[in-house]
Amino acid sequence: MNSPSVSTNIDKTGVDKSGQRIQQLFAEIAPRYDLMNHVLSLNIDKYWRKFTVGKLTLVPEVPVLDACTGTGDLALEIARRHPKQFPVIGTDFCAPMLDRARTKGRSKLFAELPVQFIEADTMHLPFDDDHFQASTVAFGLRNVSDTLAGLKELARVTRQGGSVAILEFSRPYLPGLKQVYEFYFKYVLPRVGQAMAKNKQSAYNYLPESVMEFPSGEALAELMRQAGMSDIRLYPLTLGVATLYIGVTTKS
């Protein structure tokens, strides 16, 4: 559940994604964010990130972006799998989340890797066009107030023929599992998460709202096409609980 870019309005679905609300929400849960994610996903989120990195075709020396990086798990996993081959930059607009990411980056496992974390808005990234060979987002795109604008910005900073990878929650496709999943997301996860986080902004009430309203499957693939990507590939994970979307940037 990574933190997003700044926004000032309620989005078209009616979910409040105002920048002040979301920024404060993620700032409050930052100290226990990683523990909650791993517990509430039964540690499956670690597998999803590793799967994502395994699907990226990357070359030496050209930098990689991880937007909405949160506490940096995906950015650090990319760097770990490709040690010292290229710089990895993680961006997020929530300073307390980035503080956690930087602390991880200084640990023995990652200290020698070229990873940098920068405070930045996903819809207004501070990078030149075509700067990265690939751009990724894990569980953060749904928090950006304008999904299409965020995708266009990711495409802008990614080179022609580069990859944009979006890892997001989706809705299971098997009868029975879908109903169990929705019950867990709506009723169990918010209560357990809130008890662990003890924050004032009801972060784990927001999570099911944002997941249920966010476009998934072909709907998100179509937005990626509109943003300037082609050859969209979908990889449903854990029976559709999450989905990895990978598109190729096509510049006119």
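In this chain, numbering begins with 1 at the start of the sequence shown.
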Report summary line: Looking only at heavy atoms, the pair that brings Thr69 and Gly90 closest together is CG2-C, 3.8 Å

Query raised in the report: With no hydrogens and no angle check, is any side-chain donor or acceptor of Glu168 less than 3.5 Å from a backbone partner on Arg142?
Result: yes

Query raised in the report: Is there a donor-acceptor pair under 3.5 Å between the side chain of Arg81 and the backbone N or O of Lys50?
Result: yes

**Report entry** Spacing of CG belonging to Asn143 relative to OG1 belonging to Thr122, to within rounding of 0.5 Å
**Finding:** 9.5 Å

Query - Hydrophobic cluster identity match, Tyr235 and Phe139, side-chain contacts under 4.5 Å - result: yes

Query raised in the report: Yes or no on side-chain contact (heavy atoms from CB on, under 4.5 Å) for Ser163 and Lys55, after CA distance, side-chain angles and deciding distance?
Result: CA-CA 10 Å; Ser163 297; Lys55 288 296 181 182; over 6 Å; no

Query raised in the report: Given the rule in the side-chain contact (heavy atoms from CB on, under 4.5 Å) test, do Leu74 and Val137 qualify, once you have shown the distances and angles that lead to the verdict?
Result: CA-CA 8 Å; Leu74 184 55; Val137 181; over 6 Å; no

Query raised in the report: Is there a donor-acceptor contact under 3.5 Å from the side chain of Ser170 to the main chain of Gly240?
Result: yes

Requested in this report: Heavy atoms only: give me the nearest Leu223-Pro215 pair and the separation to one decimal.
Outcome: CD1-CG, 3.9 Å

Query raised in the report: Looking at NZ of Lys152 and CG of Asp146, how far apart are the two atoms once the value is rounded to the nearest 0.5 Å?
Result: 8.0 Å

Query - Lys104, NZ: over 12 other non-hydrogen atoms inside 6.0 angstrom - result: yes

Query raised in the report: In Å, rounded to the nearest 0.5 Å, how long is the span from CD1 of Ile246 to OG1 of Thr57?
Result: 8.0 Å

Query raised in the report: Side chains of Asp73 and Asp34: closer than 4.5 Å at any heavy-atom pair?
Result: yes

Query - Backbone N/O of Leu58 and side chain of Gln133: donor-acceptor pair under 3.5 Å - result: no

**Report entry** Minimum heavy-atom distance Cys68-Val144, with the two atoms named
**Finding:** SG-CG2, 4.1 Å

Query raised in the report: Trp48 vs Phe169 aromatic rings, parallel, tilted or perpendicular, using cut-offs 30° and 60°?
Result: perpendicular

Report summary line: With Ile78 as partner, the option from Leu65, Val64, Thr52, Val115 fulfilling side-chain contact (heavy atoms from CB on, under 4.5 Å) is Val64

Query - Shortest non-hydrogen separation from Asp129 to Arg156 and the atoms involved - result: OD1-NH1, 2.6 Å

Query raised in the report: Heavy-atom count around Glu112 CD within 6.0 Å, excluding the residue itself: above 12?
Result: no

Query raised in the report: Is the backbone of Leu113 close enough, under 3.5 Å, to the side chain of Arg80 for a donor and an acceptor to pair up by distance?
Result: no

Report task. Compare every heavy atom of Gly247 with every heavy atom of Met224, then report the nearest pair and how far apart it is. Result -> CE-N, 3.7 Å

Query raised in the report: Are Tyr181 and Tyr187 in one and the same hydrophobic cluster, where Ile, Leu, Val, Met, Phe, Trp and Tyr link if side-chain heavy atoms are under 4.5 Å apart?
Result: yes

**Report entry** Leu234 reachable from Leu154 in the ILVMFWY side-chain graph, under 4.5 Å edges
**Finding:** yes

**Report entry** Test side-chain contact (heavy atoms from CB on, under 4.5 Å) applied to Ile118 and Ile89, step by step
**Finding:** CA-CA 7 Å; Ile118 298 173; Ile89 297 177; 3.8 Å; yes

**Report entry** N/O donor-acceptor pair under 3.5 Å between Thr71 side chain and Met97 backbone
**Finding:** no

Report summary line: To the nearest 0.5 Å, atom CD1 of Ile232 lies from atom OH of Tyr245 at 11.0 Å

Query raised in the report: Do the side chains of Leu244 and Phe51 get nearer than 4.5 Å, heavy atoms only?
Result: yes

Query raised in the report: Parallel, tilted or perpendicular for Phe127 and Phe132, by the 30°/60° rule?
Result: perpendicular

Query - Pairwise side-chain contact, Thr147 with Leu151, heavy-atom cut-off 4.5 Å (strictly under) - result: yes

Report summary line: Correct closest heavy-atom pair for Leu76 and Ala101 would be CD1-O, 4.4 Å

Query - Atom pair CD (Glu77) and OG1 (Thr136), whose distance is rounded to the nearest 0.5 Å - result: 11.5 Å

Report task. Report yes if some heavy atom in the side chain of Arg171 is under 4.5 Å from a heavy atom in the side chain of Ser216; otherwise report no. Result -> yes

Query raised in the report: Has the side chain of Thr249 got a donor or acceptor atom that lies under 3.5 Å from a matching backbone atom of Gly162?
Result: yes

Query - Joint cluster assignment, Phe183 & Ile44, ILVMFWY side-chain distance < 4.5 Å - result: yes

Report task. Please answer: with hydrophobic residues joined when any side-chain heavy atoms are less than 4.5 Å apart, are Val53 and Phe110 in the same cluster? Result -> yes

Query - Nearest-0.5 Å distance that lies between atom CG in Leu220 and atom CG in Leu141 - result: 6.5 Å

